[in-house]
Protein chains: 2
Amino acid sequence: MPDNLSENYDPSLFERPSVTVDVVIFSLVADDLRVLLVKREAPPFAGMWALPGTFVRLDESLGDTAVRALTNKTGVRDVYTEQLYTFGRPDRDPRTRVITVAYFALIPYDSVVQQAEGETTEWFSLSQLPDLAFDHAEILAYALTRLRYKLEYTAVGFQLLPDVFTLSELQKAYEIILDEKLDKRNFRRKILTADILEETGEKKKEGEGRPAKLYRYRKDAIAEVKTRRLFP
Amino acid sequence: MPDNLSENYDPSLFERPSVTVDVVIFSLVADDLRVLLVKREAPPFAGMWALPGTFVRLDESLGDTAVRALTNKTGVRDVYTEQLYTFGRPDRDPRTRVITVAYFALIPYDSVVQQAEGETTEWFSLSQLPDLAFDHAEILAYALTRLRYKLEYTAVGFQLLPDVFTLSELQKAYEIILDEKLDKRNFRRKILTADILEETGEKKKEGEGRPAKLYRYRKDAIAEVKTRRLFP
DNA sequence: ACAAAAGTGTTGGTGTTACACCCATGT
DNA sequence: ACATGGGTGTAACACCAACACTTTTGT
């Protein structure tokens, strides 16, 4: 094989790796950030837990593959997904060369309906993860870093909540993910001045205290919250 | 093909796409941000310019593939590279399914030595780009956005300069890439308080004016410049 | 009337921007 | 001595962090 091979050649002449998409699906369950894992039934790593994933079909885009894997396991359709990183260590799969494009997804737990038939899936708390197959622990760690990072400068948090939610619920979601208490007044000011939510006009009446205003995400909004530039 | 295919199956049963790595190589040439392109000789897109790229070998990591493509075209070895994004539209290559993992690289122009034999390469100014093959225009645009973004909150700029440089040279690099004038005193304060450079002790004597102190990157430094968090 | 959760402003501090002059060298 | 680029400090401003009480409802 020549050292200067380039795509001028017929691609079919080269050996091809397998390509999969693995999805790190986050959701909030019982005031806890959790991730969906699938129990492997066949080797390699039979009996271990792994990220939901699937092979890329030749006629589908990577994003479509991610959504397919996700919908297949959760029944959820319209979801926030984002490509994370592509992992391709030659030995990451003992069978053959498999390159995986990792995605992460945020879904509201109340929209999860159908579990895939014949497969064991489970929502694991991030503090009680089992050993994972392949390099999935690395992928998951990467996804968590990215999620936390994104929360700090964008406003994706509400993707984990139902369509309509209160500011207290949103704050709680942020606190769970970032694992720290936030100041109520500062939080509200930041979220509201970011101008990405709109009031529904409705209020949530439930339990004791004063009813809370309900908000929804303004679909026309730019999700980026203003950040400080280093060199303005 | 079953709808719930997962990596429990033998990967060799599935049709495999080709996988390439394409590299967006930036450098500063004559006070201008430029990118290295290769002229395609064979179809598809024969005669058009494209990003340097190559097929991933079955025994090499993606990062190694990127470095190989890069070294092959520029002779440069130790380079700042970073994985950018993976592009996989099914029709992006007319021959067959080709998924490409895009990288970007920053190299000091004075370290470019050998051009690949038998290939026409050229450094194009970003303001005078030719039409590009495949979806390479999209990849390039993405890389430029990412480069500018990174400059705003990290200090990768010096990766485009020689080992040793003056603060004025660094500032000029930032100005070229961000395409705006920066304040000298503020720029110096930010860079120096970021604590990623060290004085060499030497001075640059050249041309008229006062000789400038020479700096080099502290290899032990953390390249991230402090950023403001949204929710502290 | 009391418990529970929602909602609301102000102040001090910190970091950022804007800005002008002196210094060291070559010619 | 003058032209050229290197180097330095400060004051106004904007943004952020910290903090406590009032309002609305259910019981």
Side-chain angles (χ1 to χ4, degrees), chain A residues 31 151-155 157-158 161-162 164-176 178-195 197-216 224-232, chain B residues 31 151-155 157-158 161-162 164-176 178 180-216 224-232:
Chain A
D31 289 352
L151 278 198
E152 281 170 7
Y153 72 98
T154 74
F158 56 83
L161 299 177
V164 142
F165 49 86
T166 70
L167 289 184
S168 295
E169 290 165 347
L170 184 60
Q171 181 177 346
K172 197 169 200 177
Y174 273 77
E175 289 176 340
I176 290 168
L178 298 177
D179 194 28
E180 59 186 321
K181 274 263 167 249
L182 302 176
D183 179 83
K184 183 160 64 164
R185 279 173 288 192
N186 292 340
F187 179 83
R188 282 163 184 250
R189 181 174 31 247
K190 284 237 177 76
I191 290 289
L192 292 178
T193 58
D195 206 35
L197 301 185
E198 60 185 14
E199 300 187 18
T200 63
E202 306 287 296
K203 299 206 173 191
K204 178 164 201 165
K205 299 187 181 179
E206 186 178 283
E208 302 271 289
R210 174 173 172 176
K213 287 182 185 170
L214 285 167
Y215 290 83
R216 79 165 68 81
E224 297 281 321
V225 173
K226 57 171 175 292
T227 325
R228 188 63 48 75
R229 296 181 51 199
L230 181 56
F231 301 106
Chain B
D31 289 352
L151 278 198
E152 282 169 9
Y153 72 98
T154 73
F158 56 83
L161 299 178
V164 143
F165 50 85
T166 70
L167 289 183
S168 295
E169 290 165 347
L170 184 61
Q171 182 176 345
K172 197 169 200 176
Y174 273 77
E175 288 177 340
I176 290 168
L178 298 176
E180 60 185 321
K181 273 262 164 251
L182 302 176
D183 180 83
K184 183 160 62 166
R185 278 171 291 191
N186 293 340
F187 180 83
R188 282 164 185 249
R189 181 174 32 245
K190 284 240 177 77
I191 291 289
L192 292 178
T193 59
D195 206 36
I196 50 170
L197 302 185
E198 60 185 12
E199 300 187 18
T200 63
E202 306 287 297
K203 298 204 171 190
K204 178 166 202 165
K205 298 187 182 179
E206 187 179 281
E208 303 271 288
R210 172 175 173 174
K213 287 182 185 171
L214 285 168
Y215 290 82
R216 79 165 68 80
E224 297 280 322
V225 173
K226 56 171 175 290
T227 324
R228 189 62 50 74
R229 297 180 51 198
L230 180 56
F231 301 108

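The basis for the numbers below is simple: all heavy atoms, side chains too, and nothing from hydrogens, waters or symmetry mates. Letters go in sequence order (proteins before strands), and every chain restarts at 1.
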Just how far, in rounded Å, is [atom2] of [N] from [atom1] of [X]?
| X | N | atom1 | atom2 | value |
| --- | --- | --- | --- | --- |
| A:E169 | C:dA6 | CD | C1' | 12 Å |
| B:Q171 | D:dG5 | CD | P | 14 Å |
| B:E199 | D:dG6 | CD | P | 15 Å |
| B:K204 | D:dG5 | NZ | P | 13 Å |
| B:L170 | D:dG6 | CG | P | 13 Å |

(request) Using a strict cut-off of less than 4.0 Å between a Lys/Arg side-chain nitrogen and an Asp/Glu carboxylate oxygen, indicate whether A:K204 and A:E169 qualify as a salt bridge. (result)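 Salt bridge: yes.
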(message) Do the side chains of B:E199 and B:R216 get close enough for a salt bridge, i.e. N-O under 4.0 angstrom?
(response)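 So B:E199 does not pair with B:R216 through a salt bridge.
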(request) Indicate whether the side chain of B:R188 and that of B:S168 have a donor and an acceptor atom separated by less than 3.5 Å. (result)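 Indeed, the side chains of B:R188 and B:S168 share at least one donor-acceptor pair under 3.5 Å.
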Could you run down the sub-3.5 Å N/O contacts of the protein with nucleotides 7-9 of chain C?
from, atom 1, to, atom 2, distance (Å)
C:dG7, OP1, A:K213, N, 2.8
C:dG7, OP2, A:R188, NH1, 3.1
C:dG7, N7, A:K184, NZ, 2.8
C:dG7, O6, A:K184, NZ, 3.3
C:dG9, N1, A:R185, NH1, 3.4

(request) Compare every heavy atom of A:Y215 with every heavy atom of A:L197, then report the nearest pair and how far apart it is. (result)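 Result for this residue pair: CB-CD2, 4.0 Å.
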(request) Could you tell me whether the phosphate oxygens of D:dA17, OP1 or OP2, come under 4.0 Å of any side-chain nitrogen or oxygen in A:K190? (result)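 Yes.
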(request) Answer yes or no: is there a side-chain heavy-atom contact under 4.5 Å between A:Y174 and A:L182? (result)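 Yes, their side chains come closer than 4.5 Å.
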(request) Please identify each residue that fulfils side chain to side chain contact (heavy atoms under 4.5 Å, CB included) with B:R185, with sequence neighbours left out. (result)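 Only B:D183 meet the side chain to side chain contact (heavy atoms under 4.5 Å, CB included) criterion with B:R185.
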(request) Could you check A:G209 against B:E208 and say which one's nearest nucleotide on DNA chain D is further toward the 5' end? (result)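 Nearer the 5' end of the strand: B:E208.
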